[in-house]
Amino acid sequence: MSSSTSSASQRIEALLDEKSFVEIGAMVTARATDFNLKQNETPSDGVITGYGTIDGNRVYVYSQNAAVIGGSVGEMHAKKIANLYELAMKTGTPVIGLIDSAGLRLQEATDALNSLGEIYFKQAMAKGVVPQFTAIFGACGGGLAIMPSLTDFTFMEETKAKLFVNSPDALDGNSCEKKDTSSAAFQANESGVVDFVGDEASVMAQIRELVSMIPANNDDVALADCGDDLNRTCPDIAGCAGDTSILLSQIADDNNFVEVKAGYAKEMVTGFIRLDGLTVGCVANRNEVIGEDGKAEEKFAGVLTAKGCDKAADFVDFCDSFGIPVLTVTNVKGYEATVCSEKRISKAAANLTSAFANCDVPRVNLIVGKALGSAYVTMNSKAIGADLTFAWPDAQIGPMEANLAAKIMYEGQGSDVIAEKAKEYAELQNSANSAARRGYVDSIIEPADTRKHLVYAFEMLYA
């Protein structure tokens, strides 16, 4: 067995529970004979397909074998993958693809091209029916690069994996040395296609964790045993309003927050937690990234960006498709104000607003800082259908910051008058109390009690 053949099999073994894999279509080989293909052996036609379990959860998996014609996608190779999708949709089972391929098999021409289209079709039909995962360990270029974007979650090995529609050297004015647009870093941090990056062992561990956390299909419910105290207080959580990834880990069962697309649009956090064993999807504004030393490594403006809205909208759509309740953590004062942003922000914010408004799963909004203007309305406000809204006592909720409102309303007045009116406006119109009196906030809660209130809120809404 060659090293590449071994890699294809070993990846499946590393991913699945021990001795759980059952292969399907092991005897399939290429039918084409043009361009001397008949002289080449094509065991399994370059892709190992079958099923097994991850922590006891059944999954279908395919792993491309780069030792067989570069793992290229030919007619029978593609039919094996398409058949796997058929079985997955019939049985309500997730699909995991392990990619390592030279691309389309040119020797099979239109047969290969048509069969690649059949994979696209099956992936599109499976969208919102069963979760789809793609992990890239080698090349994934040209038409194959569409496959990861048709799935729900994409993983890349950090050094050897390459993902591209056009190679870096084929881009006008670019070269691989100048900017490697096929690298995991580019695809995770700049294009936003990739959710997780790491070495091969880390990628397998990340897939296993995510598979165990989300439902197996759109009729399933993701529940797990909870050993964490439902009434546990979080005494330090008030200091986490800036970095909401830390806030989410504090309220989660066993402090476990699984972030997706962590490197992309960092001002918007998306990921999963469990509350009393129930998986909850989380969307949160973030104003800073706090490092392990407790200091801010990056700071953001506290505004909605086009990239952040797109990232959050896709995530909310996924949660809605699979019946996963949604928690939003709001701390936003407006929209990004740049020429580049202005090209896309209204459309992106509209898409996020629509995602929330059309969402049928239970939704809770937690306001931990500023909730100002129409940017707040977009962030899962009661106006667009949030079931429950909680606010911390110092939250600011209103059309704009009080000092700006006072300047507009009392234009031409002295600074003392504006300062006095700003204070009055903050108390009467821009506070958590004023919003609660009008019914826009259901409860004002102490930060330390946040976990308890959210646990019982979702229990009530999901009953």
Side-chain angles (χ1 to χ4, degrees), residues 11-12 15-17 20-26 28 44-64 73-99 101 112-136 140 143-155 193 195 207-223 260 272 279 281 314-324 355 358-361:
R11 284 170 185 151
I12 292 176
L15 176 65
L16 302 182
D17 296 339
S20 70
F21 181 64
V22 178
E23 188 171 359
I24 300 171
V28 172
S44 299
D45 205 41
V47 62
I48 301 171
T49 56
Y51 60 93
T53 59
I54 290 177
D55 291 335
N57 302 294
R58 186 176 58 193
V59 296
Y60 285 98
V61 61
Y62 66 89
S63 181
Q64 291 179 316
V73 176
E75 176 196 15
M76 301 307 291
H77 180 121
K79 286 187 182 297
K80 290 179 67 175
I81 296 173
N83 179 61
L84 212 64
Y85 267 93
E86 284 282 355
L87 293 171
M89 286 187 280
K90 285 182 179 178
T91 60
T93 306
V95 180
I96 304 170
L98 309 180
I99 302 291
S101 173
L113 186 61
N114 184 75
S115 297
L116 178 63
E118 291 176 353
I119 296 178
Y120 292 170
F121 181 75
K122 298 300 182 185
Q123 289 182 304
M125 292 301 99
K127 198 78 171 175
V129 179
V130 295
Q132 302 175 62
F133 307 82
T134 303
I136 303 166
C140 181
L144 264 68
I146 309 303
M147 291 170 60
S149 291
L150 281 167
T151 60
D152 299 304
F153 300 101
T154 301
F155 306 73
V193 172
D195 295 275
I207 297 173
R208 289 180 61 88
E209 181 173 39
L210 199 53
V211 166
S212 299
M213 200 161 198
I214 64 177
N217 55 65
N218 58 0
D219 288 325
D220 193 21
V221 177
L223 276 172
V260 299
F272 300 98
T279 294
D314 286 346
F315 183 80
V316 171
D317 285 342
F318 173 83
C319 291
D320 190 37
S321 295
F322 289 96
I324 301 171
N358 288 292
C359 197
D360 293 325
V361 297

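The salt bridge (charged side-chain N to carboxylate O under 4.0 Å, His left out) search around Asp17 returns Arg208, not counting sequence neighbours. Remark: Ser115 engages no residue in a side-chain hydrogen bond (donor to acceptor under 3.5 Å, both in side chains) (not counting sequence neighbours). Remark: Tyr62 engages no residue in a ring pair (Phe, Tyr, Trp, His ring centres under 6.0 Å) (not counting sequence neighbours). Annotation: side-chain hydrogen bond (donor to acceptor under 3.5 Å, both in side chains) contacts of Thr134 (sequence neighbours excluded): Thr151. With sequence neighbours excluded, no residue forms a side-chain hydrogen bond (donor to acceptor under 3.5 Å, both in side chains) with Ser149. For Asn217, the side chain to side chain contact (heavy atoms under 4.5 Å, CB included) partners are Val130, Asp219, Asp220, not counting sequence neighbours. Taking the side chain to side chain contact (heavy atoms under 4.5 Å, CB included) definition, one finds that Phe318 meets it with Asp152, Phe153, Ile214, Phe272, Phe322, Ile324, sequence neighbours left out. Looking at residues two or more places apart in sequence or on another chain, you find a salt bridge (charged side-chain N to carboxylate O under 4.0 Å, His left out) between Glu86 and Lys122. For Tyr85, the ring pair (Phe, Tyr, Trp, His ring centres under 6.0 Å) test picks out no residue, with sequence neighbours left out. For the side-chain hydrogen bond (donor to acceptor under 3.5 Å, both in side chains) test, residues two or more places apart in sequence or in another chain that qualify with Asn358 are Ser354. Shown here are the ring pair (Phe, Tyr, Trp, His ring centres under 6.0 Å) partners of Phe21, two or more places apart in sequence or in another chain: there are none. For Glu209, there are no salt bridge (charged side-chain N to carboxylate O under 4.0 Å, His left out) partners, not counting sequence neighbours.
His77 places a side-chain heavy atom less than 4.5 Å from the side chain of Ile81. The side-chain heavy atoms of Leu116 and Met147, taken from C-beta on, include a pair separated by under 4.5 Å. Under the 4.5 Å side-chain criterion, counting only non-hydrogen atoms from C-beta, Asn218 is not in contact with Ser321. Considering only heavy atoms from C-beta on, Thr49 stays 4.5 Å or farther from Val61 through its side chain.
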